[in-house]
Amino acid sequence: MTRRPIGVKTMLLALAAVMAMTLSSCGDEEPTTMADDEPAAELSLDDLDGRVFASVRVDGHRLVDRTQIRLGFEGDQLSADAGCNHMSGAAALDDDTLTVSNLAGTEMGCPDGRNDQDAWLGTFLGGGPTVDLTEDTLTLTGGGVVIELVELEVDEPPMGDPDEPTSNSDDTIVKNR
């Protein structure tokens, strides 16, 4: 039997086959955590405790003119205001989902659809919206609605006269979409 020398072409084909097998086995394993990778911190009620937020943008629902949503957090309690009655209830965060229970409020009669807006906000909060907090911006998302709120200084006055335009602390008029 005569042996033929192995040619360059044969060696390249063999090398390509080995590389293909090696690369095809990559990615089958679970990714490993690098020492520099830090898991994202889970949002908790402690992150919201003592903070008050006011809406600057609402997509998917139109607010009554010259109103905004305000949410305040104290321990495991949530307070909410949508332009008429003041509501409060127990709050909990599970991963990024807000759960509000036992939501109760004052029962003032308010004109111009504000009572309906209070009811809508209560339903929205009771529906388990997802929550995202980025610096001073709190975003709640659920049922096709996105509410973006910015943190207020604690000593800011209440919502004020409903006939006055509503603005946030930098005098930007609140936008409804």
Side-chain angles (χ1 to χ4, degrees), residues 38-177:
E38 292 183 27
E42 188 173 306
L43 183 63
S44 74
L45 286 178
D46 290 339
D47 298 315
L48 301 172
D49 189 27
R51 298 172 80 176
V52 177
F53 299 86
S55 63
V56 292
R57 183 176 61 90
V58 176
D59 292 333
H61 180 84
R62 177 134 178 95
L63 295 182
V64 173
D65 288 341
R66 298 186 190 115
T67 64
Q68 71 182 159
I69 297 166
R70 286 193 184 207
L71 300 178
F73 297 87
E74 288 294 329
D76 66 351
Q77 294 294 303
L78 167 81
S79 63
D81 185 322
C84 182
N85 290 292
H86 299 278
M87 300 175 275
S88 64
L93 273 174
D94 184 18
D95 289 327
D96 63 349
T97 301
L98 177 66
T99 303
V100 178
S101 58
N102 300 323
L103 191 62
T106 58
E107 294 184 8
M108 298 186 317
C110 297
D112 305 326
R114 292 183 183 155
N115 284 335
D116 292 337
Q117 185 162 284
D118 285 349
W120 168 80
L121 180 60
T123 300
F124 176 82
L125 293 171
T130 59
V131 179
D132 178 62
L133 179 64
T134 305
E135 295 179 16
D136 68 343
T137 302
L138 181 69
T139 305
L140 283 79
T141 305
V145 175
V146 176
I147 302 173
E148 184 178 302
L149 307 105
V150 294
E151 186 172 11
L152 300 176
E153 295 296 321
V154 176
D155 61 346
E156 286 192 35
M159 287 183 64
D161 187 339
D163 293 327
E164 294 296 319
T166 303
S167 64
N168 66 14
S169 59
D170 65 356
D171 292 326
T172 303
I173 298 296
V174 175
K175 297 176 247 172
N176 290 304
R177 294 184 187 169

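Everything numeric here is computed off the predicted structure, so don't read it as measured data.
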Atom [atom1] of [X] and atom [atom2] of [Y]: how far apart are they, to the nearest 0.5 Å?
| X | Y | atom1 | atom2 | result |
| --- | --- | --- | --- | --- |
| L63 | W120 | CG | CH2 | 6.0 Å |
| D81 | I69 | CG | CD1 | 9.5 Å |
| L103 | S79 | CG | OG | 10.0 Å |
| L121 | D116 | CG | CG | 12.5 Å |
| T97 | L43 | OG1 | CG | 10.5 Å |
| E148 | T141 | CD | OG1 | 9.5 Å |

[X] to [Y] - nearest heavy-atom pair and separation:
| X | Y | value |
| --- | --- | --- |
| G142 | F124 | O-CE1, 3.4 Å |
| G60 | V145 | O-CG2, 3.7 Å |
| R114 | G83 | CD-O, 3.4 Å |
| L125 | A80 | CD1-CB, 3.9 Å |
| R70 | L152 | NH1-CD1, 3.5 Å |

Using a 3.5 Å distance criterion without hydrogens, assess whether the side chain of [X] forms a donor-acceptor pair with backbone atoms of [Y].
| X | Y | answer |
| --- | --- | --- |
| Q68 | A54 | no |
| T106 | M108 | no |
| N102 | G89 | no |

Is there a side-chain contact between [X] and [Y], using heavy atoms and a 4.5 Å cut-off?
| X | Y | answer |
| --- | --- | --- |
| R51 | L138 | no |
| N85 | N115 | yes |
| L140 | L71 | yes |
| L93 | L48 | yes |
| V100 | M87 | no |
| S55 | L149 | yes |

Do the rings of F73 and F53 sit parallel, tilted or perpendicular, given the 30° and 60° boundaries?
perpendicular

Go through it in stages, so that I can follow the logic: the residues are E74 and D49, the test is side chain to side chain contact (heavy atoms under 4.5 Å, CB included), and I'd like the CA-CA distance, side-chain angles, deciding distance and then a yes or no.
CA-CA 5 Å; E74 288 294 329; D49 189 27; 4.1 Å; yes

Does a donor on one side chain sit under 3.5 Å from an acceptor on the other, for D132 and T134?
yes

